[in-house]
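What follows is a set of notes on a single structure, which appears directly below.
Predicted, not measured: the structure shown is a model, and the values here were computed from it. First the proteins, then the strands, lettered A, B, ... as listed; each starts at 1. Values below: every heavy atom of this structure, side chains too, minus hydrogens, waters and symmetry copies.
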Amino acid sequence: MPDPTIRVRIAPSPTGQLHIGTARTALFNFLYARHVGGTFVFRLEDTDVARNTTAYEEDIIGGLHWLGITWDEGPDVAGGGDIGAYGPYRQMERLDWYRAAAERLLAADDAYPCFCTPEELEADRKAQEAAKQPPRYVGRCANLTADERSARLAEGRRPATRFRVRPGVVGWDDVVRDRIEIDTANLGGDFVIVRADGTPLYNFTVVVDDAAMEISHVIRGEDHVSNTPKQILIYEALGHPVPVFAHLPLILNPDGTKMSKRKSQTAVDDYRAQGFIREGLVNYLAYLGWSPGTEEDILSLDDVVARFELTKVQKGGARFDRERLEWLNGQWIRKLAPDDLVDRLRPFLQAAVDDGRIGRMPTDDEVVALLPIVQERLPTLAAIVDLVGFLWTDDVPVDPAVLVPKRWDPAATREGLTAARDVLAAHDGVTWEADELEPPLRALVEERGWKAGDLFMAIRVATTGRTATPPLFDTLVALGRERTLARLDAARAALDGR
RNA sequence: GCCCCCAUCGUCUAGAGGCCUAGGACGCCACCCUUUCAAGGUGGAGAUCAGGGGUUCGAAUCCCCUUGGGGGCACCA
């Protein structure tokens, strides 16, 4: 049931790393397109030449792909060629389109050349501010005669192009917030659509491109609501049909303000580097401002596509809750198949080797063998290092103070560790399985009248350096006989050295 | 200063006039399981549906006002 009349887009500007907010907007556009069988377009708004870099372009495209978000038209790789019949999909390659559109507006007097200098505009703004007036263009160049214009041109002054804002009210039926109407008197006067240097501005290019690419639904953040009337004015002046608008609620910092780098972690890359997986992040992001209206909470990308409705989008902003993200991430990590999980864990293990947090890289087999005891304990992939890093490090620092269980004293601990060491050393060493290690140690506890927890905790700390680990006997198996005995010896020595 | 938007547990949300003595999830607290930590299970605390007026037989749901919060007011996107 593909619907060729529905075309949506994401149009990031490559001036920074992929932002959580951009990813969410891209996701919602993708979800809508896939749900209705429409077309999803990716376009690069790269007219801010001073701040663009291909590295950011790569980061954005790579990040979206990593999340599982794909598009039907646009550049598929950084710096790469376009796919699709409505290209080019980079604004810097569409300069002719903007020039032609600007000329049409100029010819129809819907726009005019403005010779105001930055100094003049700055002075106007200062005066308005002092008078507690809202900033707006005063219209100095709005009604210049042809002679006045040519005179200024003759002086060598390069004009910007301003769009003439007509009086009246502009309104639209927003899919998420119903009817919105704004008096054009509040738009700040005629606005610039082409800079004096000839490069076009956002509110203008976005309309020219969306119209040319036949975008039917503009799904974007609420921060664009105030741009919408300006854009509608341009659509009308250009004679293009106005698309349907859907303004999504913002993603907020914990304090309720618009999510920002200053107050939150906003780069998708950073979440990825911390071991969040695409399934978890996508699931979490989908629920920021949307819900299926059921009591489901673990949904795959495909599940969300099947359930997504623009009309179920929330109006109010949603604070980013990292705790919930971690829980969801853990849920998804638990669902991964062993081989898949090992593949995803490998880079995190390698990173730990590289910066010395662990001494060596475990083999895939070693990691697979460990999954039954670690998979359900990982809120993130990166947590693997904290959880069982002691397995791949030669010297595990053991703090004598934590080595002694609460009910024991150092002497008792020494005695316990010695007895445990003897019991384990008596094991033949041919096999070394959890269900072979536990019974004799429990028998030891029984015989001495100890509490199992005390002895086990002493062994745990002695062999891992930690009080919280995966189940003890599985851990000792992973450690191996020799290292288990060696660490027990070392711990006793540490106790003696006190 | 001006314009616009929003408002259900701490957080994400269900709720589209009676099914709501407001449901779920995260987080929190107990208990169970248990060698620690998780996971899982059970139960609990937690929202006078921001406040006030209407409309209606009946309002979290519709209207108005107030308050609070947010977004935007560039030759940025």
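With centroids closer than 5.5 Å and planes inclined by less than 30 degrees as the test, A:His224 and the base of B:G71 fail to qualify as a stacked pair.
Contact annotation for A:Tyr202: base contact, defined as any heavy-atom pair under 4.0 Å involving a base atom. Within 4.0 Å (heavy atoms only), A:Gly289 reaches sugar-phosphate atoms of the nucleic acid but no base atom. Among the atoms of the strands shown, none is found under 4.0 Å from any heavy atom of A:Ala452. Among the atoms of the strands shown, only primed sugar atoms or phosphate atoms (P, OP1, OP2) are found under 4.0 Å from some heavy atom of A:Ser291.
The base of B:U11 is not paired with the side chain of A:Arg319 by any donor and acceptor separated by under 3.5 Å. Residue side chain A:Arg177 does not reach the base of B:C5 through any donor-acceptor N/O pair under 3.5 Å, judged by distance alone.
Salt bridge status for A:Asp124 with A:Arg140: present, with a side-chain N to carboxylate O gap under 4.0 Å. Of the charged side-chain nitrogens involved, none lies within less than 4.0 Å of a carboxylate oxygen, so that A:Glu446 and A:Arg442 do not count as a salt-bridged pair.
OP1 or OP2 of B:A77 sits under 4.0 Å from a side-chain N or O of A:Thr47. Distances shorter than 4.0 Å separate some side-chain N or O of A:Arg195 from OP1 or OP2 on B:A77. Between A:Gln128 and B:C2 there is no side-chain polar atom (N or O) within less than 4.0 angstrom of OP1 or OP2. Residue A:Arg162 has a polar side-chain atom (N or O) positioned under 4.0 Å from OP1 or OP2 of B:C75. The side chain of A:Arg334 places an N or O atom within less than 4.0 Å of a non-bridging phosphate oxygen (OP1 or OP2) of B:G40. The side chain of A:Gln331 contributes an N or O atom lying less than 4.0 Å from OP1 or OP2 of B:G40.
The side-chain contact (heavy atoms from CB on, under 4.5 Å) with A:Arg24 is formed by just one residue from the set A:Leu281, A:Leu285, A:Val268; it is A:Leu285. Each of A:Ile333, A:Ile298, A:Leu299, A:Val282 was evaluated against A:Leu328; a single residue qualifies, A:Ile298, per the side-chain contact (heavy atoms from CB on, under 4.5 Å) test.
Across the P atoms, B:G41 and B:G27 are found 12 Å apart, a figure rounded to whole Å. A gap of 15 Å separates the P atoms of B:G23 and B:G15, to the nearest Å. Straight-line distance between the P atoms of B:C5 and B:U42: roughly 45 Å, to the nearest whole Å. Comparing B:C19 with B:A38, their C1' atoms are spaced 40 Å from each other, to the whole Å. Rounded to whole Å, the P atom of B:A14 lies 12 Å from the corresponding atom of B:C9. Across the C1' atoms, B:A60 and B:G51 are found 14 Å apart, a figure rounded to whole Å. A distance of about 45 Å separates the C1' atoms of B:C33 and B:G69, rounded to the whole Å. Comparing B:G18 with B:A59, their C1' atoms sit 9 Å apart, to the nearest whole Å.
Nearest to the side chain of A:Leu121, among B:G71, B:C75, B:A38, sits B:C75. In this structure, the nucleotide among B:A77, B:G1, B:C3 sitting nearest to the side chain of A:Ile182 is B:C3. The side chain of A:Phe473 lies closest to B:U35 when the candidates are B:U35, B:C5, B:A77. Here B:C73 is the nucleotide among B:C12, B:C73, B:G72 with the atom lying nearest to any side-chain atom of A:Pro135. Checked against B:A14, B:C75, B:G1, the side chain of A:Pro134 finds its nearest nucleotide in B:G1. Among B:A38, B:G27, B:G70, the nucleotide with an atom closest to any side-chain atom of A:Glu323 is B:G27.
Under the Watson-Crick or G-U wobble criterion, with both distances below 3.5 Å, B:C49 is left unpaired in every strand shown. Searching all strands for a Watson-Crick or G-U wobble partner of B:C26 with both distances below 3.5 Å returns B:G10. Across all strands shown, nothing is found opposite B:C37 as a Watson-Crick or G-U wobble partner with both distances under 3.5 Å. Base pairing of B:C2: its partner is B:G72, meeting the Watson-Crick or G-U wobble criterion (both donor-acceptor distances under 3.5 Å).
With 3.5 Å as the limit, one finds a donor-acceptor pair spanning the side chains of A:Asn203 and A:Gln231. Between the side chains of A:Thr464 and A:Arg460, no donor-acceptor pair is found at a separation under 3.5 Å. Neither side chain, A:Asn329 nor A:Thr380, offers a donor N or O lying under 3.5 Å from an acceptor on the other.
Atom CG of A:Asp255 and atom P of B:G10 are 17 Å apart (whole Å). Remark: P of B:G40 and NZ of A:Lys335 are 12 Å apart, rounded to the nearest angstrom.
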Shorter than 3.5 Å, N or O on both sides, protein versus nucleotides 22-25 of chain B: list them out with atom names.
residue	atom	partner	partner atom	Å
B:G23	O2'	A:Glu295	OE2	2.7
B:G24	O4'	A:Glu295	OE2	3.2
B:A25	O4'	A:Asp297	OD2	3.2
B:A25	O2'	A:Arg324	NH1	3.1
B:A25	N3	A:Arg324	NH1	3.1

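With hydrogens and angles disregarded, no donor-acceptor distance shorter than 3.5 Å links the side chain of A:Asp173 to the backbone of A:Asp178.
Between A:Phe28 and A:His217, the ring centre distance reaches or exceeds 6.0 Å.
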